[in-house]
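Taking it in order: structure first as C-alpha coordinates, then the write-up.
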Amino acid sequence: MRHKEKVVKHDEGKVFDIELEESILKANEDLAAENQQLLRRHGIKAIDIMGSIGSGKTSLIENIVQRLKERYRIAVFNGDLTTTIDADRVAKHGVEVVQINTGKECHLDANLVAKALKDVNLRQLDLILIENVGNLICPGEFKLGADRRLVVVSVTEGPYMVLKHPFIFMEADVVVINKLDHAEAMGVEFEKLQRDTEKINPRAKVVGASCRNNIGTDRVIEALQIDSI
Amino acid sequence: MANSIVETVLSEARKRNARSVLEVQLVVGRLTMLGLEQLRYCYRLLTKDTPLERSKLRIEQEESRVHCENCMFEGPIQFKQEPQYHLIFPTLECPRCGGGVEIVAGRGCFIKSVKLRT
(Lines give C-alpha, C1' and ligand atoms only; values in the text may rest on other atoms or scores of the structure.)
Protein backbone atom coordinates (compact mmCIF):
# COMPACT_ATOMS: atom_id res chain seq x y z
CA MET A 1 0.00 0.00 0.00
CA ARG A 2 1.33 3.27 -0.99
CA HIS A 3 0.92 6.21 1.21
CA LYS A 4 -0.17 9.30 -0.45
CA GLU A 5 2.59 11.66 0.40
CA LYS A 6 1.64 14.71 2.21
CA VAL A 7 3.88 17.46 1.13
CA VAL A 8 3.87 20.71 2.94
CA LYS A 9 5.04 23.17 0.40
CA HIS A 10 7.10 26.07 1.44
CA ASP A 11 4.95 29.12 1.13
CA GLU A 12 6.85 31.97 -0.47
CA GLY A 13 4.46 34.41 1.10
CA LYS A 14 3.70 37.81 -0.26
CA VAL A 15 6.07 40.69 -0.44
CA PHE A 16 4.83 44.13 0.46
CA ASP A 17 6.48 47.47 -0.02
CA ILE A 18 5.39 49.81 2.71
CA GLU A 19 5.96 53.53 2.72
CA LEU A 20 6.72 54.55 6.28
CA GLU A 21 8.29 58.02 6.47
CA GLU A 22 8.88 57.24 10.13
CA SER A 23 11.27 59.81 11.53
CA ILE A 24 13.73 58.54 14.10
CA LEU A 25 15.02 61.88 15.36
CA LYS A 26 11.64 63.59 15.20
CA ALA A 27 10.32 61.79 18.27
CA ASN A 28 12.99 63.51 20.34
CA GLU A 29 12.40 66.85 18.64
CA ASP A 30 8.67 66.66 19.32
CA LEU A 31 9.30 65.88 22.96
CA ALA A 32 11.86 68.71 23.18
CA ALA A 33 9.22 71.09 21.78
CA GLU A 34 6.77 69.85 24.44
CA ASN A 35 9.37 70.49 27.15
CA GLN A 36 9.89 73.98 25.82
CA GLN A 37 6.16 74.69 25.76
CA LEU A 38 5.81 73.44 29.32
CA LEU A 39 8.67 75.68 30.44
CA ARG A 40 7.23 78.68 28.56
CA ARG A 41 3.84 78.19 30.20
CA HIS A 42 5.56 78.49 33.56
CA GLY A 43 7.75 81.39 32.47
CA ILE A 44 10.90 79.31 33.00
CA LYS A 45 14.05 79.82 30.95
CA ALA A 46 16.34 76.84 30.33
CA ILE A 47 19.96 76.51 29.26
CA ASP A 48 21.58 73.33 27.93
CA ILE A 49 25.24 73.24 28.99
CA MET A 50 27.39 70.88 26.93
CA GLY A 51 31.12 70.15 26.76
CA SER A 52 33.77 67.48 27.20
CA ILE A 53 34.34 65.49 30.36
CA GLY A 54 36.33 67.71 32.70
CA SER A 55 35.93 70.89 30.64
CA GLY A 56 34.43 72.75 33.61
CA LYS A 57 30.67 72.54 33.08
CA THR A 58 29.90 71.98 36.75
CA SER A 59 32.28 74.73 37.91
CA LEU A 60 30.68 77.15 35.47
CA ILE A 61 27.22 76.18 36.72
CA GLU A 62 28.32 76.70 40.33
CA ASN A 63 29.57 80.19 39.43
CA ILE A 64 26.40 81.09 37.51
CA VAL A 65 24.24 79.83 40.36
CA GLN A 66 26.23 81.81 42.88
CA ARG A 67 25.78 85.00 40.83
CA LEU A 68 22.14 84.57 39.88
CA LYS A 69 20.46 82.78 42.77
CA GLU A 70 19.22 86.00 44.33
CA ARG A 71 17.75 87.13 41.02
CA TYR A 72 16.14 83.92 39.80
CA ARG A 73 14.73 80.82 41.45
CA ILE A 74 17.07 78.24 39.95
CA ALA A 75 17.07 74.47 39.52
CA VAL A 76 19.99 72.50 38.09
CA PHE A 77 19.72 69.16 36.31
CA ASN A 78 23.01 67.27 36.29
CA GLY A 79 23.40 64.64 33.60
CA ASP A 80 25.95 61.89 34.16
CA LEU A 81 26.21 58.18 33.57
CA THR A 82 26.36 57.54 37.26
CA THR A 83 27.01 59.12 40.72
CA THR A 84 25.58 62.26 42.28
CA ILE A 85 28.97 63.99 42.56
CA ASP A 86 28.00 66.97 40.39
CA ALA A 87 24.55 67.32 41.91
CA ASP A 88 26.09 67.31 45.41
CA ARG A 89 28.52 70.05 44.38
CA VAL A 90 25.75 72.26 43.05
CA ALA A 91 23.38 71.51 45.94
CA LYS A 92 25.83 73.18 48.34
CA HIS A 93 24.85 76.49 46.76
CA GLY A 94 21.33 76.11 48.09
CA VAL A 95 19.42 75.56 44.84
CA GLU A 96 17.26 72.65 43.82
CA VAL A 97 19.17 69.91 41.98
CA VAL A 98 18.08 66.81 40.10
CA GLN A 99 20.68 64.25 39.14
CA ILE A 100 19.84 62.55 35.84
CA ASN A 101 21.78 59.30 35.61
CA THR A 102 21.68 58.03 32.08
CA GLY A 103 23.19 54.64 32.94
CA LYS A 104 24.91 54.00 29.66
CA GLU A 105 23.82 56.81 27.40
CA CYS A 106 26.42 59.39 26.42
CA HIS A 107 23.95 62.29 26.19
CA LEU A 108 20.74 63.61 27.69
CA ASP A 109 17.60 63.48 25.59
CA ALA A 110 14.25 65.21 25.75
CA ASN A 111 12.65 62.22 27.47
CA LEU A 112 15.10 62.25 30.39
CA VAL A 113 14.62 66.00 30.78
CA ALA A 114 10.83 65.58 30.66
CA LYS A 115 11.13 63.14 33.56
CA ALA A 116 13.34 65.51 35.54
CA LEU A 117 10.82 68.32 34.94
CA LYS A 118 8.26 66.19 36.78
CA ASP A 119 10.58 66.08 39.78
CA VAL A 120 10.60 69.82 40.38
CA ASN A 121 7.91 72.30 41.25
CA LEU A 122 7.69 74.36 38.08
CA ARG A 123 5.62 77.03 39.80
CA GLN A 124 8.58 77.90 41.98
CA LEU A 125 11.23 78.27 39.29
CA ASP A 126 12.52 80.91 36.88
CA LEU A 127 15.65 79.29 35.44
CA ILE A 128 16.84 75.74 34.82
CA LEU A 129 20.47 74.97 34.02
CA ILE A 130 20.83 71.56 32.42
CA GLU A 131 24.29 70.04 32.57
CA ASN A 132 24.56 67.55 29.72
CA VAL A 133 26.70 64.41 29.87
CA GLY A 134 30.38 65.16 29.17
CA ASN A 135 30.72 64.57 25.44
CA LEU A 136 31.36 66.80 22.43
CA ILE A 137 29.53 64.64 19.93
CA CYS A 138 26.09 63.19 20.67
CA PRO A 139 24.53 65.89 22.90
CA GLY A 140 24.46 68.23 19.90
CA GLU A 141 22.08 65.90 18.10
CA PHE A 142 19.49 65.70 20.85
CA LYS A 143 17.57 68.86 21.64
CA LEU A 144 16.19 69.04 25.15
CA GLY A 145 13.80 71.98 24.87
CA ALA A 146 16.24 74.57 26.23
CA ASP A 147 16.20 78.21 25.09
CA ARG A 148 19.96 78.50 24.83
CA ARG A 149 22.75 76.05 24.18
CA LEU A 150 26.17 76.66 25.65
CA VAL A 151 29.36 74.68 24.97
CA VAL A 152 32.30 74.71 27.37
CA VAL A 153 35.70 73.87 25.95
CA SER A 154 38.92 74.19 27.95
CA VAL A 155 42.45 74.99 26.81
CA THR A 156 43.71 71.83 28.56
CA GLU A 157 41.91 69.78 25.92
CA GLY A 158 44.42 71.08 23.38
CA PRO A 159 44.25 73.47 20.44
CA TYR A 160 42.12 71.37 18.07
CA MET A 161 38.96 70.65 20.03
CA VAL A 162 36.77 73.15 18.20
CA LEU A 163 37.76 72.22 14.65
CA LYS A 164 37.52 68.53 15.45
CA HIS A 165 33.92 68.83 16.65
CA PRO A 166 32.26 71.31 14.27
CA PHE A 167 28.74 69.94 14.69
CA ILE A 168 28.34 70.72 18.37
CA PHE A 169 29.76 74.22 17.87
CA MET A 170 27.20 74.79 15.13
CA GLU A 171 24.55 74.22 17.79
CA ALA A 172 25.98 76.70 20.27
CA ASP A 173 24.62 80.14 21.10
CA VAL A 174 27.48 80.71 23.53
CA VAL A 175 30.92 79.08 23.65
CA VAL A 176 32.96 79.35 26.85
CA ILE A 177 36.71 78.82 26.54
CA ASN A 178 37.69 77.76 30.02
CA LYS A 179 40.86 77.31 32.08
CA LEU A 180 42.52 80.35 30.53
CA ASP A 181 44.86 80.42 33.55
CA HIS A 182 46.47 77.32 31.99
CA ALA A 183 46.61 78.67 28.43
CA GLU A 184 50.27 79.54 28.53
CA ALA A 185 51.37 76.25 30.07
CA MET A 186 49.33 74.42 27.47
CA GLY A 187 50.58 76.56 24.59
CA VAL A 188 46.98 77.13 23.51
CA GLU A 189 45.76 80.59 22.59
CA PHE A 190 42.26 81.80 23.44
CA GLU A 191 42.23 83.73 20.14
CA LYS A 192 42.84 80.57 18.13
CA LEU A 193 39.91 78.74 19.69
CA GLN A 194 37.80 81.88 19.28
CA ARG A 195 38.71 82.16 15.58
CA ASP A 196 37.99 78.45 15.05
CA THR A 197 34.56 78.84 16.65
CA GLU A 198 33.75 81.89 14.53
CA LYS A 199 34.79 80.06 11.37
CA ILE A 200 32.24 77.35 12.12
CA ASN A 201 29.50 79.45 13.66
CA PRO A 202 29.71 83.22 13.18
CA ARG A 203 26.67 83.78 15.39
CA ALA A 204 28.04 82.07 18.50
CA LYS A 205 29.28 84.39 21.24
CA VAL A 206 32.71 83.35 22.47
CA VAL A 207 33.70 84.11 26.05
CA GLY A 208 36.94 83.35 27.88
CA ALA A 209 36.83 82.15 31.48
CA SER A 210 38.69 80.56 34.32
CA CYS A 211 35.85 78.93 36.20
CA ARG A 212 37.92 77.62 39.06
CA ASN A 213 39.00 81.17 39.82
CA ASN A 214 35.51 82.50 39.14
CA ILE A 215 36.76 84.69 36.29
CA GLY A 216 34.55 85.41 33.29
CA THR A 217 31.23 84.40 34.87
CA ASP A 218 29.66 87.83 34.37
CA ARG A 219 30.62 87.84 30.71
CA VAL A 220 29.09 84.37 30.28
CA ILE A 221 25.86 85.55 31.91
CA GLU A 222 25.81 88.63 29.69
CA ALA A 223 26.36 86.49 26.56
CA LEU A 224 23.46 84.23 27.53
CA GLN A 225 21.08 87.22 27.53
CA ILE A 226 18.79 85.41 29.92
CA ASP A 227 16.43 88.35 30.28
CA SER A 228 15.74 88.50 26.56
CA ILE A 229 14.66 84.85 26.37
CA MET B 1 19.74 55.32 16.91
CA ALA B 2 20.23 51.90 15.31
CA ASN B 3 18.08 50.49 18.08
CA SER B 4 15.26 52.94 17.37
CA ILE B 5 15.42 52.04 13.69
CA VAL B 6 15.27 48.31 14.37
CA GLU B 7 12.47 48.73 16.95
CA THR B 8 10.40 50.85 14.57
CA VAL B 9 10.72 48.32 11.75
CA LEU B 10 10.03 45.39 14.09
CA SER B 11 6.85 46.99 15.36
CA GLU B 12 5.72 47.64 11.79
CA ALA B 13 6.49 44.01 10.90
CA ARG B 14 4.52 42.74 13.91
CA LYS B 15 1.59 44.96 13.08
CA ARG B 16 1.42 43.44 9.60
CA ASN B 17 2.13 39.85 10.67
CA ALA B 18 5.24 39.78 8.52
CA ARG B 19 7.41 36.71 8.60
CA SER B 20 10.51 38.55 7.60
CA VAL B 21 11.75 41.94 6.55
CA LEU B 22 13.56 41.96 3.23
CA GLU B 23 14.64 45.54 2.94
CA VAL B 24 14.74 48.76 4.92
CA GLN B 25 15.22 52.05 3.13
CA LEU B 26 16.69 54.68 5.39
CA VAL B 27 17.33 58.37 4.76
CA VAL B 28 20.15 59.94 6.76
CA GLY B 29 20.94 63.65 6.59
CA ARG B 30 24.52 64.63 5.89
CA LEU B 31 24.49 66.94 8.91
CA THR B 32 23.52 64.30 11.46
CA MET B 33 26.18 62.77 13.68
CA LEU B 34 25.44 59.34 12.31
CA GLY B 35 28.31 57.40 10.84
CA LEU B 36 26.99 55.11 8.15
CA GLU B 37 29.55 52.39 8.69
CA GLN B 38 28.84 52.18 12.42
CA LEU B 39 25.13 52.32 11.71
CA ARG B 40 25.36 49.34 9.34
CA TYR B 41 27.47 47.47 11.85
CA CYS B 42 25.03 48.07 14.72
CA TYR B 43 22.12 47.17 12.45
CA ARG B 44 23.70 43.78 11.74
CA LEU B 45 24.27 43.12 15.43
CA LEU B 46 20.81 44.22 16.50
CA THR B 47 18.90 42.35 13.82
CA LYS B 48 20.48 38.97 14.54
CA ASP B 49 17.81 36.36 15.42
CA THR B 50 15.00 38.76 14.53
CA PRO B 51 12.77 38.89 11.43
CA LEU B 52 15.13 41.59 10.19
CA GLU B 53 18.11 39.26 10.01
CA ARG B 54 19.45 39.17 6.45
CA SER B 55 17.39 42.21 5.47
CA LYS B 56 19.07 44.71 3.19
CA LEU B 57 19.68 48.13 4.71
CA ARG B 58 19.66 50.75 1.98
CA ILE B 59 20.84 54.18 3.06
CA GLU B 60 20.11 57.28 1.06
CA GLN B 61 21.88 60.47 2.15
CA GLU B 62 19.83 63.63 2.43
CA GLU B 63 21.74 66.66 1.16
CA SER B 64 22.15 69.71 3.37
CA ARG B 65 20.43 73.02 2.74
CA VAL B 66 20.93 76.29 4.56
CA HIS B 67 19.09 79.61 4.46
CA CYS B 68 20.40 83.09 5.25
CA GLU B 69 17.81 85.42 6.74
CA ASN B 70 20.05 88.39 6.00
CA CYS B 71 20.66 88.06 2.24
CA MET B 72 18.18 85.24 1.47
CA PHE B 73 20.94 82.90 0.23
CA GLU B 74 19.70 79.34 -0.08
CA GLY B 75 21.96 76.43 -0.93
CA PRO B 76 24.05 73.60 0.44
CA ILE B 77 26.13 74.09 3.57
CA GLN B 78 29.59 75.50 2.87
CA PHE B 79 32.88 73.96 3.89
CA LYS B 80 36.11 75.63 4.92
CA GLN B 81 39.64 74.34 4.83
CA GLU B 82 42.35 74.35 7.41
CA PRO B 83 45.36 73.37 5.26
CA GLN B 84 47.62 73.22 8.30
CA TYR B 85 45.76 70.16 9.59
CA HIS B 86 44.49 68.91 6.23
CA LEU B 87 41.03 69.52 7.57
CA ILE B 88 37.76 70.36 5.86
CA PHE B 89 34.94 71.39 8.16
CA PRO B 90 31.38 72.67 7.70
CA THR B 91 30.55 76.28 8.50
CA LEU B 92 27.39 78.25 9.20
CA GLU B 93 28.96 81.31 7.58
CA CYS B 94 26.90 82.58 4.68
CA PRO B 95 28.97 82.36 1.47
CA ARG B 96 27.28 85.48 0.12
CA CYS B 97 27.15 87.98 2.99
CA GLY B 98 29.30 86.38 5.71
CA GLY B 99 26.39 86.31 8.18
CA GLY B 100 25.06 83.26 9.97
CA VAL B 101 22.81 80.79 8.17
CA GLU B 102 20.11 78.43 9.46
CA ILE B 103 20.14 74.75 8.58
CA VAL B 104 16.89 73.85 6.82
CA ALA B 105 17.70 70.33 5.60
CA GLY B 106 20.20 67.59 6.20
CA ARG B 107 19.53 66.87 9.85
CA GLY B 108 16.87 64.23 9.46
CA CYS B 109 16.97 60.49 9.89
CA PHE B 110 13.92 58.57 8.80
CA ILE B 111 12.77 55.20 7.56
CA LYS B 112 11.40 55.83 4.11
CA SER B 113 10.02 52.37 3.42
CA VAL B 114 10.28 48.70 4.30
CA LYS B 115 9.79 45.58 2.25
CA LEU B 116 8.08 42.80 4.19
CA ARG B 117 7.27 39.18 3.48
CA THR B 118 4.10 37.85 5.06
Side-chain angles (χ1 to χ4, degrees), chain A residues 10-32 50 104-107 109-111 135-143 158-173 175 192-193 195-205, chain B residues 1-9 11-13 15-29 31-35 66 69-70 77-82 84-85 87-94 97-103 107-118:
Chain A
H10 173 68
D11 180 6
E12 287 292 310
K14 281 183 184 159
V15 174
F16 292 97
D17 269 315
I18 296 154
E19 299 283 319
L20 265 185
E21 296 285 336
E22 186 86 40
S23 179
I24 301 298
L25 283 168
K26 202 170 170 291
N28 185 71
E29 272 171 35
D30 290 348
L31 199 49
M50 307 177 283
K104 290 170 184 168
E105 288 293 325
C106 57
H107 55 271
D109 58 36
N111 178 47
N135 179 352
L136 273 184
I137 305 159
C138 311
E141 191 87 285
F142 293 88
K143 291 203 169 101
Y160 317 117
M161 287 310 263
V162 176
L163 287 178
K164 279 183 176 177
H165 302 92
F167 289 100
I168 203 158
F169 290 95
M170 279 183 174
E171 292 293 324
D173 299 299
V175 173
K192 189 213 178 286
L193 293 175
R195 276 197 307 275
D196 288 349
T197 306
E198 284 165 358
K199 278 182 207 165
I200 292 165
N201 183 354
R203 280 187 305 195
K205 291 187 192 119
Chain B
M1 288 298 293
N3 208 17
S4 310
I5 293 162
V6 171
E7 285 298 325
T8 308
V9 177
S11 96
E12 191 64 29
K15 215 161 47 184
R16 294 172 191 266
N17 293 320
R19 228 188 300 165
S20 62
V21 176
L22 305 177
E23 193 180 297
V24 175
Q25 177 110 28
L26 193 68
V27 178
V28 177
L31 298 179
T32 63
M33 311 280 183
L34 290 166
V66 298
E69 205 42 53
N70 186 38
I77 197 158
Q78 304 295 303
F79 288 84
K80 283 191 171 185
Q81 285 190 40
E82 192 69 41
Q84 200 188 340
Y85 314 122
L87 185 73
I88 295 171
F89 57 90
T91 174
L92 291 179
E93 192 179 290
C94 175
C97 73
V101 296
E102 297 275 353
I103 296 169
R107 306 199 52 188
C109 170
F110 63 94
I111 301 165
K112 197 174 178 184
S113 63
V114 289
K115 196 181 265 185
L116 308 171
R117 189 191 293 280
T118 56

task: Go through the atoms of E105(A) and report whether side chain, backbone, both or neither lie under 4.5 Å from a heavy atom of chain B.
output: neither

- prompt: Using non-hydrogen atoms only, which part of F169(A) is less than 4.5 Å away from chain B: side chain, backbone, both, or neither?
  reply: neither

About how many Å separate [atom2] of [Y] and [atom1] of [X], when rounded to the nearest 0.5 Å?
X: K112(B); Y: E19(A); atom1: NZ; atom2: CD; answer: 7.5 Å
X: N201(A); Y: T91(B); atom1: CG; atom2: OG1; answer: 7.5 Å
X: I24(A); Y: M1(B); atom1: CD1; atom2: CE; answer: 6.0 Å

- prompt: Taking all atoms of both residues into account, what is the closest heavy-atom pair of V15(A) and K115(B), and its distance?
  reply: CG1-CG, 3.4 Å

Non-hydrogen atoms of G99(B) and P202(A) that approach each other most closely: O-CG, 3.7 Å

- line: Given L22(B), T8(B), I103(B), the one with more heavy-atom pairs under 4.5 angstrom with chain A than any other is T8(B)

field: Residue among L92(B), L87(B), V101(B) with most heavy-atom pairs under 4.5 Å to chain A
entry: L92(B)

query: Can I77(B) and M170(A) be said to form a side-chain contact (heavy atoms from CB on, under 4.5 Å), step by step?
result: CA-CA 12 Å; I77(B) 197 158; M170(A) 279 183 174; 3.6 Å; yes

field: Basic-acidic side-chain contact under 4.0 Å: R195(A), E82(B)
entry: no

- request: For each of K192(A), E29(A), K164(A), K26(A), tally heavy-atom pairs with chain B at distances under 4.5 Å, and name the one with the top tally.
  value: K192(A)

Under 4.5 Å from any heavy atom of chain A - which part of [X]:
X: R107(B); answer: both
X: I88(B); answer: neither
X: E12(B); answer: side chain

message: With a 6.0 Å cut-off (strictly less than), is the heavy-atom count around CZ of F167(A), excluding the residue itself, greater than 12?
response: yes

message: Holding to ring pair (Phe, Tyr, Trp, His ring centres under 6.0 Å), I want the full list of residues that pass it with F110(B), two or more places apart in sequence or in another chain.
response: none

message: List the residues meeting ring pair (Phe, Tyr, Trp, His ring centres under 6.0 Å) with F79(B), not counting sequence neighbours, and say none if there are none.
response: none

